[in-house]
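If you're wondering where the values come from, they're calculated on a predicted model, not measured in any experiment. Every chain is numbered from 1, with letters handed out A, B, ... down the list of sequences.
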Amino acid sequence: MSKRLPDRNTEFSRWYTQVVNQACLADYGPVKGTMVIRPYGFQLWDNIKETFDKMIKNTGHVNAYFPLFIPKSFLAREAEHVEGFAKECAVVTHTRLKADEDHGVVVDPESKLEEEIIVRPTSETVIWSMYKKWIQSYRDLPILINQWANVVRWEMRTRLFLRTSEFLWQEGHTAHATAAEAQQETMDILELYRQLADDYLAIPVITGLKTESEKFAGADKTYCIEAMMGDKRALQAGTSHNLGQNFAKAFDVTFQTKDNQEEWVWATSWGISTRLVGAVILTHGDEKGLRLPPKIAPVQVIVIPISKDDQQTAEVKAYLNPIIAALERSGVRVQVDWTDNSPGFKFNEWEMKGVPLRMEAGPRDVQQGNVVLARRDTGEKQVLAKNEAVEKIPYLLENIQQGLFDQALKFREENTHNIESYDEFKKVIKKGGFVRCGWDGTEKTETRVKEETKATIRCIPFDENPSGLTCVFSGQPAKHEVIYAKAY
RNA sequence: CGGAGCGUGGCGCAGCCCGGUAGCGCACCACAAUGGGGUUGUGGGGGUCGCAGGUUCAAAUCCUGUCGCUCCGACCA
């Protein structure tokens, strides 16, 4: 064991970068802030994507695709929305290059656009410009459209998966006839996000409402799932917005009700992104690298054959083939590492890549009809008869899935503190973790706390109980019980 | 925009002060042995030293200019 990762406790951020790099998840693109998602990382995203795609299709949503380019003027239609995104938009101003003796190519000034075009930071505006065309009557509602796409938000400080100028995501945009229906949709989707995080990514999340200052620009209400990462900081893992009639008004989208009234359309939008891949790494990773939840792991079982010579290799191969076939039949994603690296090297490499289960098989096992199984989550090794192993593996995978969730939940609970005094608050925030306490409901308190401690209100959790609490900062009676933390 | 620094095989670096025709580690390729926790040995391939100009018999090295990047500050989440 010579190649080690930076210490997770003292150099968490270097540790993260190294894991992303060594597990071959992603790399930096040539333009600052851009990311190349490598095949192993993309399979991970693909699995998340497929899971969620099924969830929304089961609930009546359909996929579509809207353009990357948006007229600049669209962004300005909704006042809050411009405010929120204006500072991070990529703008297309010209349409041509031309050869230049000194610099190779230069922008052709002749090709300047009449109306400049922005690259979508999110698609509410294009989509609502289209909904205006498509919606006339209550019979056209609801519209439950989702799109899988890339968006661009110009960022100065970047971290692979967590914050890049371009990222992949899913954005749902729905249109409804009533406020109640839109609110229901917002909450239904939030529940799907919770399930995705809890049940598939094994990341326990807190569901709740964002404060006014943290909500999406253009929304009436923003709901979120928030998770605690391995360094005790918070990560917003998904958001679901009730947009009210804001975009309908901005794009003049009305419909005729059953009783022949004209009314603004009610809207929602919601998204999760490749940031979730970062969340998986930050939540489950350990000193040996990645640990992947079996349900989304590209490879669930990695088989390491061990042999001294060609004859043994042939024997091991013949021994393994039916075992692998049997696993594949029961739906296990299994892969064999036939490279001629040493076994020790392979152990470390696949541990870095977070594969939940390793199966070793060598001459000894062939003789005795066994295989060796090693769990990535606990490191535990056991020798099993081959048939028993095949039977047991699906259960072991479930067990690992649950184990990762339990461990993450325990970690979050150990690092969440109910606090009453501001002194105590500052101590906890400095050490890292979630603080659960009273808030007087004012933006002023929020801002001051942020200035003094860098902590922000992550959300007002649904299970809040503000009665009897006082605001940890102002001492006024608490309007809400909230979660404060330093965030990504 | 202010301050500092860096550009030399794929990656990380040495060489520059004091000019003499480019080297180390990792990675890569070949062969052999090894193989149950990052295995050795031997051999090999790959760089007009960011770019342009100048000084010189001779420039990675000295001078001028230029381009790019990183860090700190500023700004932003």
Sugar-phosphate only, base, or nothing, as touched by A:K381 at under 4.0 Å among non-hydrogen atoms: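 Base contact - A:K381 has a heavy atom under 4.0 Å of at least one base atom.
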Rounded to the Å, how far apart are [X] [atom1] and [N] [atom2]?
X	N	atom1	atom2	value
A:Q382	B:G36	CD	P	21 Å
A:Q18	B:C11	CD	P	16 Å
A:F85	B:C76	CZ	P	17 Å
A:N21	B:G12	CG	C1'	13 Å
A:E451	B:C76	CD	P	12 Å
A:N370	B:G36	CG	P	18 Å
A:R14	B:G12	CZ	P	14 Å
A:I306	B:U39	CD1	C1'	14 Å

With [atom1] as the reference atom in both, quote the distance from [N] to [M] in angstrom, rounded to an integer.
N	M	atom1	answer
B:U34	B:U70	C1'	43 Å
B:C16	B:G2	P	33 Å
B:G12	B:G54	C1'	33 Å
B:G3	B:A60	C1'	28 Å
B:A22	B:G46	C1'	13 Å
B:A30	B:C69	P	37 Å
B:A59	B:C17	C1'	15 Å
B:C11	B:G53	C1'	32 Å

base_contact_polar (B:G35 base, A:Q312 side chain, donor-acceptor, <3.5 Å):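 No.
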Side-chain-base donor-acceptor pair under 3.5 Å for A:D340 and B:G35: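 Checked by distance alone, the answer is no.
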Among [options], find the nucleotide with the atom closest to the side chain of [X].
X	options	value
A:E349	B:G35, B:G36, B:G38	B:G38
A:K87	B:G36, B:G37, B:A77	B:A77
A:K288	B:A77, B:U39, B:G37	B:G37
A:N348	B:G38, B:G36, B:A77	B:G38
A:R358	B:G36, B:G38, B:G37	B:G37

A:Y193 and A:W270 aromatic ring geometry - parallel, tilted or perpendicular at 30°/60° bounds: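 Perpendicular.
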In the strands shown, is [N] matched to any nucleotide by a Watson-Crick or G-U wobble pair with both distances under 3.5 Å, and which?
N	value
B:A32	B:U40
B:G19	none
B:C26	B:G10
B:G53	B:C63
B:C1	B:G73

Nearest-nucleotide comparison on RNA chain B, the residue closer to the 5′ end among A:G344 and A:A487: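 Going by which nucleotide is closer to the 5' end, it is A:G344.
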Position toward the 5' end of RNA chain B (nearest nucleotide), A:K454 or A:N341: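 The residue closer to the strand's 5' end, by nearest nucleotide, is A:N341.
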Assess whether a salt bridge exists between [X] and [Y], defined as any Lys/Arg side-chain N lying under 4.0 Å from an Asp/Glu carboxylate O.
X	Y	result
A:R194	A:E191	yes
A:R376	A:D286	yes
A:K72	A:E115	no
A:E212	A:K215	yes

Derivation and outcome, ring pair (Phe, Tyr, Trp, His ring centres under 6.0 Å), residues A:F216 and A:H81: CA-CA 8 Å; A:F216 174 74; A:H81 195 63; 5.6 Å; yes
OP1 or OP2 of B:G35 under 4.0 Å from side-chain N/O of A:S342: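 No, outside the criterion.
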Passing candidate, side-chain hydrogen bond (donor to acceptor under 3.5 Å, both in side chains) with A:Q236, options A:R275, A:K210, A:E214: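 In the set A:R275, A:K210, A:E214, the residue that makes a side-chain hydrogen bond (donor to acceptor under 3.5 Å, both in side chains) with A:Q236 is A:K210.
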